[in-house]
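Data first, discussion second: the structure below is written as structure tokens.
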Amino acid sequence: MNNAALYAAVDLGSNSFHMLVVHEVAGACRTLAKIKRKVRLAAGLQADGSLDAASMQRGWECLQLFAEQLQDIPAAHIRIVGTATLRLATNIAVFLERAEAILGHPVRIISGEEEAATIYEGVAWTSSGVGRRLVIDIGGASTELIIGENTHPQLLNSLHMGCVTWLSRYFVGGQLTAANFDQAIAAARQTLTPIAGDYLKLGWQNCVGASGTVQAIQEIMIGLGEDEQITLARLLQLKQAAITCGHLDRLDLPGLQSERASVFPSGLAILIALFEMLAIDSMTLAGGALREGLIYGMLGRRRECDARERTADSLISRYQLDREQAERVRSTALKALQQLASSQHIDSPATAMLGWAALLYELGLCIEYKRAPEHAAYIIRHVDLPGFTPAQKQLLAALLLNQRDEFRQESLEQQGAIEPEPAILLARLLRLAIILCLRRTRGTVPEFRLEARDRQLTLTLPADWSRNHHLRASELQQEAARQTEQGWPLVIQEQ
């Protein structure tokens, strides 16, 4: 491997230390290592502001693990930063002297504002969205709030509250009671009060969370069979479920990983306060944060581009897909969906997913033809897809799995990005577009009209088209029979 293409970002956080190592390839970042250790540095802050010896020792031991991996990466491609707890510690010089000796590289303590800006850059390059976005990152000792658009932050704040510090203040002894939650939420609301008005005035179109707390909540929701949208109602349900458990030692929620359990209630309390104070409707999980921001900052990427477009470009290049054919199928599929706009309500995010599925439908051919849909779905489920949420990855994989041959309806029903009925419709349109584009030549896609009545689709082609296009006509008739057998009637006719 060319070591000159290796990059590493190390985040010495208040709760965990993280190291991300990537390889720049085909215009994208391929993750080679993602190492995380619970250090709980913030728990070692004493009344006089100093870090105790035990917490510093935990930090040094973790850095010894990171140091080995950093040896093979060019020094100019390494960024190591410390955040809230190291900003606050009065004896920071003691920790840094040994830390830098262990790592062989300097550690830079960044301000809260710089941390917020870097978090936003990481989100902007790994998450999708239109218009202004509100980004929230609940750390161990601080919470960052950013509103920005594209790659440009517009409003930044770093607040002195985090899941580790709130745990020690408001959940003493691990007790999970209504009173403890109320105190933690009230304190978070008080911290937010001076700045909440600025965020409400500027406004945003979508909200993403970039912290372990948000990831833990999403994992619980998936464990409960729900979709990926985090709402205040669901947060309050989780709060009640935690209170029912009564104690951290008995906290047992579906999908909650044991390593996240200890700081989950305190992070949840902060997030409830954020939803209430900022009137947040819903939130999804971001694709990256501080570490990704450090990486992309080193790469110097400033091109304004949707994260999903960069991901698709990388996959097309890496797997040598026929872009001209992919664009042809995408155009045909979206044209078909547009014709149904008056009778079928498909929102913009779902429409975009049909486009991405069409663009990547031949992904599985890099392995072999016969089971190409299965291979494509497998790749999508297991490859890094910056810009796509976990639920969107599920939907994309389900659409690719159903691009031809027998329907696997359960995959369309089990994904959590959209309701099953719209997902099935997207799969039906993708299949039709692929058949109409079988010639793979410009100008060979026929003019068509698509109409829907309830579940029935009617595809109208030019007069006598089937007489001159025997293969595609035969494939369409087979597809009509297949969809009709599934209970989704498809009628093929000519003008």
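All values derive from a computational prediction rather than experimental measurement. Worth knowing before you read on, the calculation uses all heavy atoms, side chains too, and leaves out hydrogens, waters and symmetry mates. Along the sequence shown, residues carry numbers from 1.
Between the side chains of Arg431 and Gln403, no donor N or O sits under 3.5 Å from an acceptor N or O. Side-chain atoms of Asp137 and Ser211 include no donor-acceptor pair closer than 3.5 Å. Residues Ser282 and Gln229 bring a donor and an acceptor atom of their side chains to less than 3.5 Å of each other. Arg133 and Gln205 share no donor-acceptor pair across their side chains, judged by distance under 3.5 Å alone. Side-chain contact, Glu144 with Ser158: a donor N or O sits under 3.5 Å from an acceptor N or O.
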> Going through the checks in order, is the side-chain contact (heavy atoms from CB on, under 4.5 Å) test met by Leu290 and Val81?
Replying inline: CA-CA 10 Å; Leu290 180 61; Val81 300; 4.2 Å; yes
> What do the steps show when you test Glu276 against Arg189 for salt bridge (Lys or Arg N to Asp or Glu O under 4.0 Å), and what is the final call?
Replying inline: CA-CA 8 Å; Glu276 292 176 342; Arg189 289 174 62 92; 3.1 Å; yes
>> side-chain contact (heavy atoms from CB on, under 4.5 Å), that's the test. Do Thr31 and Val21 meet it? Break it down for me.
In response: CA-CA 6 Å; Thr31 300; Val21 179; over 6 Å; no
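Residues Trp204 and Tyr199 keep their aromatic ring centres 6.0 Å or farther apart.
Remark: the backbone N or O of Gly173 is paired with a side-chain donor or acceptor of His247 at under 3.5 angstrom. In this structure, the side chain of Glu115 does not engage the main chain of Gly112 through any donor-acceptor pair within 3.5 Å.
Aromatic ring orientation, Phe181 versus Phe171: perpendicular (interplanar angle above 60°, classes split at 30° and 60°). Ring planes of Trp60 and Phe95: parallel class, angle under 30° (limits at 30 and 60°).
One finds a salt bridge joining Glu406 and Arg482 here, because a Lys/Arg side-chain nitrogen approaches an Asp/Glu carboxylate oxygen to under 4.0 Å. Under the 4.0 Å criterion applied to side-chain N and carboxylate O atoms, Glu61 and Arg37 are not assigned as salt-bridge partners. Ion pairing between a basic and an acidic side chain is recognised when a charged N comes within 4.0 Å of a carboxylate O; Glu374 and Arg371 show such pairing. No salt bridge links Asp384 with Lys34; every basic N to acidic carboxylate O contact stays at or beyond 4.0 Å. Between Arg30 and Glu24, none of the side-chain N atoms (NZ, or NE/NH1/NH2) sits under 4.0 Å from a carboxylate O, so this pair counts as no salt bridge. Salt bridge annotation for Asp182-Lys239: present, with a cationic side-chain nitrogen under 4.0 angstrom from a carboxylate oxygen.
For the pair Asn402 and Ser411, the minimum side-chain heavy-atom distance is below 4.5 Å. Looking at heavy atoms from C-beta onward, Leu156 lies in side-chain contact with Pro153 at the 4.5 angstrom threshold.
Of the residues Leu155, Ile119, Leu134, the one that meets the side chain to side chain contact (heavy atoms under 4.5 Å, CB included) test with Ile146 is Ile119.
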